[in-house]
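Take a look at the structure set out below.
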Amino acid sequence: MLRMDSNLCDWSEEAERMLAPIFADDYSGGVADLKNQVMTRKASLHRVSQEQKTIGYFALRIDALAGMDELVILAGVGSLPGVPLFDVFVPVLVQHAKEAGCGSVRLHCSRKAVLKKAAAQGFAFSEWVMRKKL
């Protein structure tokens, strides 16, 4: 049975190895920035497992906005043949946000496939973010 560990996990070499590839095109600090956020407890890291075997990780943060808190899905990675993990875990994270009193959930992504999956789950366009590397 697929399950999300109920306890937070600490940063590990395994987490870094699995998360690093999704930051390959990121110029804002990438996996090193995520590691720093987790290590300083500004973000939380969660391990996804099946039968004690790690199949992925995701990182979350709650931002305080004017009038409400917002759950931010910072990163997520994982693989389990035949299981679309995004489709399985995003609804769980949305429910977690509701239970935590958040008024919204924000997801940053740079891959079109993720944008389509997010839109299919009710996420709407919010803003374009552009960066110029110096």
Side-chain angles (χ1 to χ4, degrees):
M1 174 180 220
L2 187 63
R3 70 175 183 84
M4 182 179 2
D5 284 353
S6 59
N7 295 322
L8 303 176
C9 66
D10 291 325
W11 191 263
S12 66
E13 288 181 19
E14 178 185 57
E16 187 163 345
R17 184 178 63 255
M18 290 182 74
L19 288 160
I22 67 172
F23 289 99
D25 298 327
D26 187 297
Y27 299 111
S28 66
V31 74
D33 181 58
L34 182 62
K35 178 181 180 179
N36 181 58
Q37 289 188 58
V38 171
M39 299 292 284
T40 60
R41 302 292 188 230
K42 293 178 183 170
S44 60
L45 184 66
H46 304 262
R47 178 178 169 263
V48 181
S49 65
Q50 182 184 40
E51 298 174 1
Q52 305 301 319
K53 182 181 178 196
T54 300
I55 59 172
Y57 288 92
F58 61 88
L60 306 173
R61 180 181 73 220
I62 294 182
D63 286 354
L65 305 178
M68 69 174 175
D69 287 343
E70 181 173 66
L71 180 77
V72 183
I73 303 171
L74 298 170
V77 65
S79 177
L80 184 62
V83 179
L85 293 179
F86 186 94
D87 297 345
V88 172
F89 284 104
V90 170
V92 171
L93 298 177
V94 168
Q95 184 60 38
H96 172 73
K98 288 178 184 176
E99 291 169 2
C102 294
S104 61
V105 177
R106 187 171 77 230
L107 168 67
H108 292 252
C109 61
S110 60
R111 297 181 177 155
K112 287 183 181 179
V114 173
L115 291 172
K116 289 179 182 179
K117 286 181 176 246
Q121 291 196 28
F123 285 78
F125 174 79
S126 179
E127 65 180 296
W128 291 102
V129 176
M130 301 176 74
R131 183 174 281 120
K132 181 177 181 176
K133 187 175 180 183
L134 303 177

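Along the sequence shown, residues carry numbers from 1.
The structure places CD1 of I22 at 7.5 Å from CG of L34, a figure rounded to the nearest 0.5 Å. Here the OG atom belonging to S12 is positioned 4.0 Å from the OH atom belonging to Y57, to the nearest 0.5 angstrom. In this structure, OG on S44 lies 10.5 Å from CZ on R61, to the nearest 0.5 angstrom. To the nearest 0.5 Å, atom OG1 of residue T54 and atom CE of residue M18 are 7.0 Å apart. Interatomic distance, I62 CD1 to D69 CG, rounded to the nearest 0.5 Å: 6.0 Å. Distance check, rounded to the nearest 0.5 Å: CZ of F58 to CZ of F86 gives 12.5 Å.
V72 and M68 fall into different hydrophobic clusters, defined by Ile, Leu, Val, Met, Phe, Trp and Tyr side-chain heavy atoms under 4.5 Å apart, directly or through other members. Under the 4.5 Å side-chain contact rule for hydrophobic residues, V105 and L65 do not share a cluster.
A salt bridge does not link D33 with K35: none of the charged nitrogens is closer than 4.0 Å to a carboxylate oxygen.
Considering every non-hydrogen atom in both V88 and V83, the closest pair reads CG2-CG1, 3.7 Å. Nearest heavy-atom pair across L80 and L85 is N-CD1, 4.3 Å.
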List the atom pairs, donor and acceptor, that lie under 3.5 Å between side-chain atoms in residues 89-102 and the rest of the protein, sequence neighbours left out.
from: Q95; atom 1: NE2; to: E99; atom 2: OE2; distance (Å): 3.2

Run the side-chain donor-acceptor check on residues 112-129: report pairs under 3.5 Å with partners two or more places apart or on a different chain.
none

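H108 places none of its side-chain heavy atoms less than 4.5 Å from the side chain of L74.
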| task | Evaluate side chain to side chain contact (heavy atoms under 4.5 Å, CB included) for L60 paired with L45, printing each intermediate quantity in order. | result | CA-CA 7 Å; L60 306 173; L45 184 66; over 6 Å; no
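By the side chain to side chain donor-acceptor pair (under 3.5 Å) test, E70 is found to be paired with S104, R106, residues two or more places apart in sequence or in another chain being considered.
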